[in-house]
S.K.: 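The structure's right below; bear with me while I get my questions together.
Chain letters run A, B, ... following the sequence lines, proteins first and then strands; every chain starts at 1.
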Number of protein chains: 2
Amino acid sequence: MGAPTSPSSRSAPGRRQAEADDDTMVDLHAAVARRLERHDHRYTPGRRHLVETLARVARPVTLPQISSHSDELPQSSAYRNLEVLERCGVISRIAGSADHAHFELAEPLVDHHHHLVCVSCGSLQDVHLDDELEALVDAELAQAAAAAGFTPTNHSLDLHGYCHNCEPDR
Amino acid sequence: MGAPTSPSSRSAPGRRQAEADDDTMVDLHAAVARRLERHDHRYTPGRRHLVETLARVARPVTLPQISSHSDELPQSSAYRNLEVLERCGVISRIAGSADHAHFELAEPLVDHHHHLVCVSCGSLQDVHLDDELEALVDAELAQAAAAAGFTPTNHSLDLHGYCHNCEPDR
DNA sequence: GGTGTGAATGAGACTCATTCTCACTAACGT
DNA sequence: ACGTTAGTGAGAATGAGTCTCATTCACACC
């Protein structure tokens, strides 16, 4: 991992997060289970539920949003499981400026992508960029990082602005 | 103490944040004062102090770090003033995953730049990218945003990894 | 079929960064 | 001087996220 993550071949399913059909869901669960096992953790119903919700909404969501989609999980368990899933590389936490952190499926389980961040309502949305541009960015960042004695793992690129519900004040 | 000290205000901003010499400091204060005035706020000594600290450290810092550099300001005032300065576009808040938010001088007052984010200790460091690449990124992001009905204001590009004090676990 | 071991759960207490409240003071305009 | 408004500081309040702990579950091995 000298270089930033390239969206290169991994054994895991590199499928689009959106509109997950049953097949991709099965693959996803298998991949998640494998990751949990590797860390000596179990793929319990609660965790399964979280993963399934994240896969279905296909965008970064907060814990309250997850709960509202179906609150089968008490808050403390939900947070604990999100943390476990994060440590196992299944999901990633986006700390943003909104009140709550956002969670999404982690990169090897979904395609590399970035976010549109609404500065008004704090909501997040995925964007995909051209691979070539990604490579350019990675290359130049890697170079700049090296100069600063920094060991990169991955980059994140957010576009801040107003989502379609939050037109700039009018 | 009266008015801001620089009547000669040559177009101040656009300067590098690091190693601010006295001249740039004078310019900076003038620019900040102008912004505050525009919002009917005063450039009080406490605010001056915050701006000066941020200019001197030349990297995003947390409130405890600001205080440790010289705690002339009670916590509640510091937070309140940071908020005012943020609303006036003088500083920007970086919410990150660290315990504390980081603060830095806002973009029009310093050059456009990005951050190296240490995933281990949470510290931030500035990086500058090639203008051409920036333009490319902006162009493509703008296009993607338009497709999503999103009105962009600016982008942020972070490189996550390990700073030179926090080599990957060994 | 028991039984032991360690992970998982849920309820609630707790932490702690940040924000709010409020009484008070400093600055500016007239 | 006087009124009005912004700023101050101390402490209380808020609230997202974490921790504790008693209990339950899952699985292996007898």
S.K.: Looking only at atom types and distance, does a side-chain atom of A:Ser77 sit under 3.5 Å from a main-chain N or O of A:Leu73, one as donor and one as acceptor?
M.R.: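 No: the side chain of A:Ser77 does not pair with the backbone of A:Leu73.
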S.K.: Got a donor-acceptor contact below 3.5 angstrom from the A:Glu37 side chain to the A:Arg42 backbone?
M.R.: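 A pair under 3.5 Å: no.
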S.K.: What is the distance, to the nearest angstrom, from the CD atom on A:Glu83 to the C1' atom on D:dT20?
M.R.: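 Result: 14 Å.
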S.K.: Taking OH from A:Tyr43 and C1' from D:dC25, how many angstroms apart are they, rounded to a whole number?
M.R.: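 Answer to the nearest Å: 18 Å.
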S.K.: Reckon A:Ser76 has a side-chain N or O less than 4.0 Å from the OP1 or OP2 of C:dA11?
M.R.: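 So the side-chain polar atoms of A:Ser76 never come under 4.0 Å of the phosphate oxygens OP1 or OP2 of C:dA11.
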S.K.: Would you tell me if any nitrogen or oxygen in the side chain of A:His41 comes within less than 4.0 Å of OP1 or OP2 on C:dA7?
M.R.: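 The answer is no; no side-chain N or O of A:His41 sits under 4.0 Å from OP1 or OP2.
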S.K.: Would you please confirm or rule out a distance under 4.0 Å between OP1 or OP2 of D:dG17 and any side-chain N or O of A:Tyr79?
M.R.: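 The answer is yes; a side-chain N or O of A:Tyr79 sits under 4.0 Å from OP1 or OP2.
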S.K.: Whole-Å distance between D:dG17 P and A:Phe103 CZ?
M.R.: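 It works out to 6 Å between those atoms.
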S.K.: Classify the side chain of B:Arg47 versus the base of D:dG7 as yes if they form a donor-acceptor pair under 3.5 Å and no if they do not.
M.R.: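 Not at all, since no donor on one side and acceptor on the other fall under 3.5 Å apart.
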S.K.: Mind checking B:Thr44 for me? I need base, sugar-phosphate or nothing, with any heavy atom below 4.0 Å counting as a touch.
M.R.: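 Sugar-phosphate only.
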S.K.: Expressed as a whole number of angstroms, how long is the span from B:Leu85:CG to C:dT18:P?
M.R.: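 Interatomic distance, CG of B:Leu85 to P of C:dT18: 16 Å.
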S.K.: From CD of B:Glu72 over to P of D:dG9, roughly how many Å is that when rounded to an integer?
M.R.: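 It works out to 11 Å between those atoms.
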S.K.: Give the rounded distance in Å between these two atoms: NE2 of A:His100 and P of D:dG15.
M.R.: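 A:His100 atom NE2 is separated from D:dG15 atom P by 10 Å.
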S.K.: Taking atom P of C:dT18 as reference, at what distance in whole Å does atom NE2 of B:His102 sit?
M.R.: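 Distance, rounded to whole Å: 10 Å.
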S.K.: For D:dG7, does OP1 or OP2 lie under 4.0 Å from any side-chain N or O of B:Arg48?
M.R.: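 Checking B:Arg48 against D:dG7: no side-chain N or O falls below 4.0 Å of OP1 or OP2.
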S.K.: Between A:Asn81 and C:dT9, is there a side-chain N or O to OP1/OP2 distance below 4.0 Å?
M.R.: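 It does, given that an N or O in the side chain of A:Asn81 lies less than 4.0 Å from OP1 or OP2 of C:dT9.
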S.K.: Are A:Glu52 and A:His29 close enough, and set up right, to give a side-chain hydrogen bond (donor to acceptor under 3.5 Å, both in side chains), and what steps lead you there?
M.R.: CA-CA 8 Å; A:Glu52 211 147 324; A:His29 284 309; 2.8 Å; yes
S.K.: Specify the residue among B:Ala101 and B:Arg42 whose closest nucleotide of DNA chain C lies further upstream toward the 5′ end.
M.R.: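 Result of the comparison: B:Ala101.
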S.K.: For B:Gln75, report the nucleic acid contact type (base, sugar-phosphate, nothing); a contact means any heavy atom under 4.0 Å.
M.R.: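 Counting heavy atoms under 4.0 Å across all strands, the contact made by B:Gln75 includes a base.
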S.K.: Heavy atoms from C-beta onward define the side chain here; which of C:dG10, C:dT19, D:dG17 lies closest to that of B:Arg93?
M.R.: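 Comparing C:dG10, C:dT19, D:dG17 against the side chain of B:Arg93, the answer is C:dT19.
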S.K.: Assess the residue pair B:His112 and B:Glu134 against the criterion (side-chain hydrogen bond (donor to acceptor under 3.5 Å, both in side chains)); give the C-alpha distance rounded to whole Å, side-chain angles, the decisive distance to 0.1 Å, and a yes or no.
M.R.: CA-CA 9 Å; B:His112 179 64; B:Glu134 292 279 1; 3.0 Å; yes
S.K.: Under 3.5 Å, is there any donor-acceptor pair linking the side chain of A:Arg80 to the base of C:dG10?
M.R.: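 Indeed, a donor on one side and an acceptor on the other fall under 3.5 Å apart.
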S.K.: Measuring centre to centre across the rings, with the benzene-like ring taken for any Trp, is B:His155 within less than 6.0 Å of B:His114?
M.R.: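 Ring-ring flag for B:His155/B:His114: true, centres closer than 6.0 Å.
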S.K.: Please state how far atom CZ in A:Arg87 lies from atom C1' in D:dT18, giving the value in whole angstrom units.
M.R.: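 Taking atom C1' of D:dT18 as the reference, CZ of A:Arg87 is at 13 Å.
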